[in-house]
Amino acid sequence: MDINDFQGIESSFLDYKISLEAEKPKSWLKSVAAFANTKGGHILFGVTDRTHEAIGLDDAQKAGSKIAEIISARISPKVNYTINTFPSAKEGRLCLVLSISPGPHYPYYYVHEHTRECYVRRGDRSEPATTLEVNALILKGINQTYDALPTSYKLDDISFTLLGASLKQETGESFNLLQDAVSLGLTTPNGEVTNAGLLLCDQGVLRHSRVVCTHWKGKEKGEIDGDALDDQEFFGTSLIMLLNNAEAFIRNNSKNPWTIRGMRREEKSDYPFKAVREVLVNALIHRDYQNIGAEVHVDMYDDRMEISSPGGMMNGSRIQDLDLKTVPSMRRNEIISDIFGRLHYMDRRGSGIRRIINSYTHYENKPSFYSNEYFFLVSLPNRGIASRIKHTTGKTQLTTGKTQLTTGKTQLTTEKTQLTTEKTQLTTEKTQLTAEKTQLEVLRADIRQKTEKIFRPVTVDKIMKLLSTYENKYSFNRQIVAKQFEISENAASRILKKAMDCGIVRKEKKGVYYFK
């Protein structure tokens with residue numbers, strides 16, 4: 001073993017100490033606790049922090065004994081570790097590697113006098129754990145998950161009609177509440193309903209189990225005045241219904257929604273159904289339900305959709321730092337995951353990320369993943385405007401290479417022209433904005449004139465408000481009209497038909513409308 005053996009290890013699992021700080025050991029003991037609480041790691045003593053040069057220790061054997069003594073006195077409960085030596089760049093001096101294994105008796109604390117401090121690993125730093133992280137470690141230490149914890153509710157307080165019907169449809173087997181509730185983990189043998197039971201019951205008892213959906217105008221929140229095209233908040237129901245409601249919102253707010261063709265879904269849509277289902281399911285079953293003040297968010301923009309959920313990776317990793325092809329499958333809520341697997345809402349083999357990425361095989365724009373200790377976010381590009389991958393032959397590429405060399409000279413000249421053109425474009429953009437406002441005002445006047453003799457004044461005002469939000473650039477549907485007008489969907493259909501008859505609305509395709 002030598003210093004080169006640690007070159008391929010990520011910084012998340014390594015700390016460097018030029019010497020053993022025996023009098024002030026907290027600087028490295030908090031890393032011991034953090035490694036034990038997350039995925040394990042190594043502390044290299046006798047190695048410089050910045051250059052990672054192995055300069056060795058004065059007395060490696062004495063330092064090793066002191067490390068063992070301090071860990072025994074200051075880390076609780078006892079942590080699993082090994083201490084080994086490896087040669088330094090200086091003759092006669094050795095370095096030490098302290099290797100800490102994760103768990104199994106979580107959480108691990110740094111103990112000093114009357115204080116107990118819990119640490120976790122975030123990137124290349126060991127930082128104090130939040131209350132939520134400590135609670136999660138406690139559950140992990142007793143080999144328990146949040147959804148398995150019993151509550152004060154009894155079976156008589158709730159019902160599982162939707163869950164029973166869904167299981168019957170997918171498995172063909174009848175759901176016997178008294179027999180199956182315990183085996184599925186919905187109740188304890190003592191008849192106490194678990195958190196999983198409360199999340200899957202018809203009543204949706206846990207109020208923080210909710211999904212907030214918003215369709216934004218533009219590519220960022222707050223980018224355009226009156227920027228929310230549609231928004232809905234779903235709660236007070238089963239996770240199954242939350243999933244169905246979120247899917248319906250996405251479909252209704254997509255310009256090219258997925259459609260049913262016989263027994264299969266047509267995938268020529270803005271967002272592939274399989275990817276949407278996978279991301280939503282993961283957001284619902286893997287979210288941290290101990291975080292009561294947070295919820296799942298679905299945010300749709302002109303060019304993408306972002307779905308975020310409370311709680312980062314369970315092992316403290318960051319998804320953006322990992323190879324997406326080898327991300328391990330970890331379940332924060334075992335019972336919910338198992339039931340969703342039975343319902344075929346998810347694949348139990350942990351291949352969800354690969355399926356999401358494969359949905360964009362023929363597109364240059366790919367899904368992106370991000371996480372920290374607080375939340376997990378997936379961004380799906382809008383395939384309706386994403387660039388498709390163009391396949392070129394080897395000959396074409398060779399020809400293109402020559403063309404590019406010639407073009408390079410032309411580009412240098414063109415850049416000067418572009419600098420001048422940019423000034424002109426800035427002026428043109430202002431003119432275009434003014435023209436757009438003028439065009440919109442003309443459209444307002446035209447629509448008001450055409451609708452005043454057909455609709456009641458209150459309905460005309462609502463149509464003008466709808467125009468202010470959607471203008472003639474964004475699509476809407478009858479569900480949106482029904483919600484904004486506070487009427488039934490059938491009544492919304494009648495209004496849309498009248499609006500088309502008088503020439504103020506056009507129907508691009510089934511369920512997709514624009515102002516003319």
- Answer yes or no: is there a side-chain heavy-atom contact under 4.5 Å between Phe376 and His286? no

- Query: Looking only at heavy atoms, which two atoms of Gly185 and Ile335 are closest? And how far apart?
  - Reply: O-CD1, 3.4 Å

- Shortest non-hydrogen separation from Thr194 to Ala148 and the atoms involved: CG2-O, 3.6 Å

- For atom CD of Gln7, decide whether the heavy atoms of other residues, nucleotides or ligands shown that lie under 6.0 angstrom number more than 12. yes

- Okay, side chain of Thr85, backbone of Leu96: is any donor-acceptor separation there less than 3.5 Å? no

Review item, side-chain donor-acceptor pairs of residues 153-160, under 3.5 Å, at least two apart:
from   : atom 1 : to     : atom 2 : distance (Å)
Asp157 : OD2    : Lys154 : N      : 2.8
Ser159 : OG     : Asp202 : OD2    : 2.7
Ser159 : OG     : Gln203 : NE2    : 3.0

- Message: Under a 4.0 Å threshold between the charged nitrogen and the carboxylate oxygen, would Arg304 count as salt-bridged to Glu306?
- Response: yes

- Query: Would you say the side-chain atoms of Asn176 pair up with the backbone N or O of Gln179, donor to acceptor, closer than 3.5 Å?
  - Reply: yes

- Task: Return the minimal non-hydrogen interatomic distance between Ser174 and Asp180, and the atom names on each side.
- Result: O-OD2, 3.8 Å

- Would you please test Glu170 and Arg342 for salt bridge (Lys or Arg N to Asp or Glu O under 4.0 Å) and show each step? CA-CA 8 Å; Glu170 292 297 330; Arg342 292 170 186 263; over 6 Å; no

- Heavy-atom closest pair, residues Ile83 and Gly64: CD1-O, 3.6 Å

- Apply side chain to side chain contact (heavy atoms under 4.5 Å, CB included) to Asp303 and Ile385, showing your working. CA-CA 7 Å; Asp303 61 342; Ile385 62 173; 3.6 Å; yes

- Task: Without swapping roles, check the side chain of Asn195 against the backbone of Tyr146 for a donor-acceptor pair under 3.5 Å.
- Result: yes

- Message: Are there over 12 heavy-atom neighbours, none belonging to Asn143, within less than 6.0 Å of that residue's CG?
- Response: no

- Task: Enter the distance from Glu133:CD to Asp288:CG here, rounded to the nearest 0.5 Å.
- Result: 9.0 Å

- Task: For the pair Glu278 (side chain) and Ala275 (backbone), establish whether a donor and an acceptor sit closer than 3.5 Å, ignoring hydrogens and angles.
- Result: no

- Contacts of Arg332 meeting side-chain hydrogen bond (donor to acceptor under 3.5 Å, both in side chains) (sequence neighbours excluded), chain-then-number -> none

- Check the pair Leu163, Ser238 against side chain to side chain contact (heavy atoms under 4.5 Å, CB included), reporting the backbone distance first and the verdict last. CA-CA 8 Å; Leu163 175 61; Ser238 166; 5.7 Å; no

- Message: Within a 6.0 Å radius of atom CD on Gln61, are there more than 12 heavy atoms belonging to other residues, nucleotides or ligands?
- Response: no

- Taking every non-hydrogen atom, the tightest pair across Asp270 and Gly384: OD1-CA, 3.6 Å

- Query: Taking only residues at least two apart or on different chains, which pairs with a member in residues 17-34 satisfy salt bridge (charged side-chain N to carboxylate O under 4.0 Å, His left out)?
  - Reply: Lys26-Glu117

- So, Ser126 side chain and Arg121 main chain: donor-acceptor pair closer than 3.5 Å or not? no

- Do the charged groups of Arg125 and Asp15 touch, with an N to O distance under 4.0 Å? no

- Message: Side chains of Ile70 and Lys66, heavy atoms from C-beta outward: is any pair under 4.5 Å?
- Response: yes

- Task: Measure the spacing between OG1 of Thr237 and CG of Asn244 and express it to the nearest 0.5 Å.
- Result: 9.0 Å

- Task: Flag the pair Asp299 / Met305 as yes when at least one side-chain heavy-atom distance between them is below 4.5 Å, and no otherwise.
- Result: no

- Task: Answer whether the closest heavy-atom distance between the side chains of Val79 and Ile100 falls below 4.5 Å.
- Result: yes

- Does a donor on one side chain and an acceptor on the other come within less than 3.5 Å for Thr145 and Asp147? yes

- Message: Could you walk me through whether Thr361 and Asn358 satisfy the side chain to side chain contact (heavy atoms under 4.5 Å, CB included) test, starting with their C-alpha distance in whole Å, then the side-chain angles of each, then the deciding distance to 0.1 Å, before giving a yes or no?
- Response: CA-CA 5 Å; Thr361 299; Asn358 289 342; 4.1 Å; yes

- Any donor-acceptor N/O pair, Ser88 side chain to Lys90 backbone, under 3.5 Å: yes

- Task: Decide yes or no for Val212 and Phe234: does some side-chain heavy atom of the first lie under 4.5 Å from some side-chain heavy atom of the second?
- Result: no

- Query: Can you find a heavy atom in the side chain of Asp230 that is under 4.5 Å from one in the side chain of Phe249?
  - Reply: yes

- Query: Should Pro102 and Thr38 count as side-chain neighbours, where that means a heavy-atom distance under 4.5 Å?
  - Reply: no

- Task: Can you measure from CG (Leu98) to OG1 (Thr82) and round to the nearest 0.5 angstrom?
- Result: 7.5 Å

- Query: Could you walk me through whether Arg318 and Ser371 pass the side chain to side chain donor-acceptor pair (under 3.5 Å) check?
  - Reply: CA-CA 5 Å; Arg318 301 188 307 174; Ser371 71; over 6 Å; no

- Are the side chain of Asn365 and the backbone of Pro381 linked by a donor-acceptor contact shorter than 3.5 Å? no

- Message: Can you pull out every ring-ring contact (aromatic ring centres under 6.0 Å, His included) where at least one residue sits in residues 49-78? Sequence neighbours excluded, please.
- Response: Tyr16-His52

- Tyr289 six-ring face occupied by Arg287 cation (under 6.0 Å, within 45°): yes

- Item | Ser359 side chain vs Arg355 backbone, donor-acceptor pair below 3.5 Å | yes

- Query: When you look at Tyr301 and Asn382, which way does the side chain to side chain donor-acceptor pair (under 3.5 Å) test go after all the steps?
  - Reply: CA-CA 9 Å; Tyr301 302 92; Asn382 184 338; over 6 Å; no

- Query: Short question: side chain of Ser72, backbone of Glu69 - any donor-acceptor pair under 3.5 Å?
  - Reply: no

- Under-4.0 Å salt bridge between Glu173 and Lys168: no

- Task: Give a yes or no answer on whether the side chain of Arg207 reaches the backbone of Phe235 with a donor-acceptor pair at less than 3.5 Å.
- Result: no

- Provide the closest heavy-atom pair for Tyr109 versus Val134 in the form atom of the first, atom of the second, distance. OH-CG1, 3.9 Å

- Task: Please examine the side chains of Ile250 and Ser254, heavy atoms only from C-beta on, and report whether any two atoms are closer than 4.5 Å.
- Result: yes

- Query: What's the spacing between Arg116 CZ and Tyr110 OH if we round to 0.5 Å?
  - Reply: 13.0 Å

- Ignoring hydrogens and angles, state whether a donor on the side chain of Asn253 or His215 is under 3.5 Å from an acceptor on the partner side chain. yes

- Under 3.5 Å, is there a donor-acceptor pair linking the side chains of Ser99 and His42? yes

- Once you round to the nearest 0.5 Å, how far does OH of Tyr271 lie from CD1 of Ile307? 9.5 Å

- Query: Could you state the interatomic distance from OG (Ser368) to CG (Leu324), rounded to the nearest 0.5 Å?
  - Reply: 9.5 Å

- Enumerate the residue pairs fulfilling salt bridge (charged side-chain N to carboxylate O under 4.0 Å, His left out) with a member in residues 359-379, sequence neighbours excluded, ordered by first and then second residue. Arg122-Glu373

- Query: Listed by chain and number, what are the ring pair (Phe, Tyr, Trp, His ring centres under 6.0 Å) partners of Phe86, not counting sequence neighbours?
  - Reply: Phe6

- Charged tip of Arg277 within 45° of Tyr345 ring normal and under 6.0 Å: yes

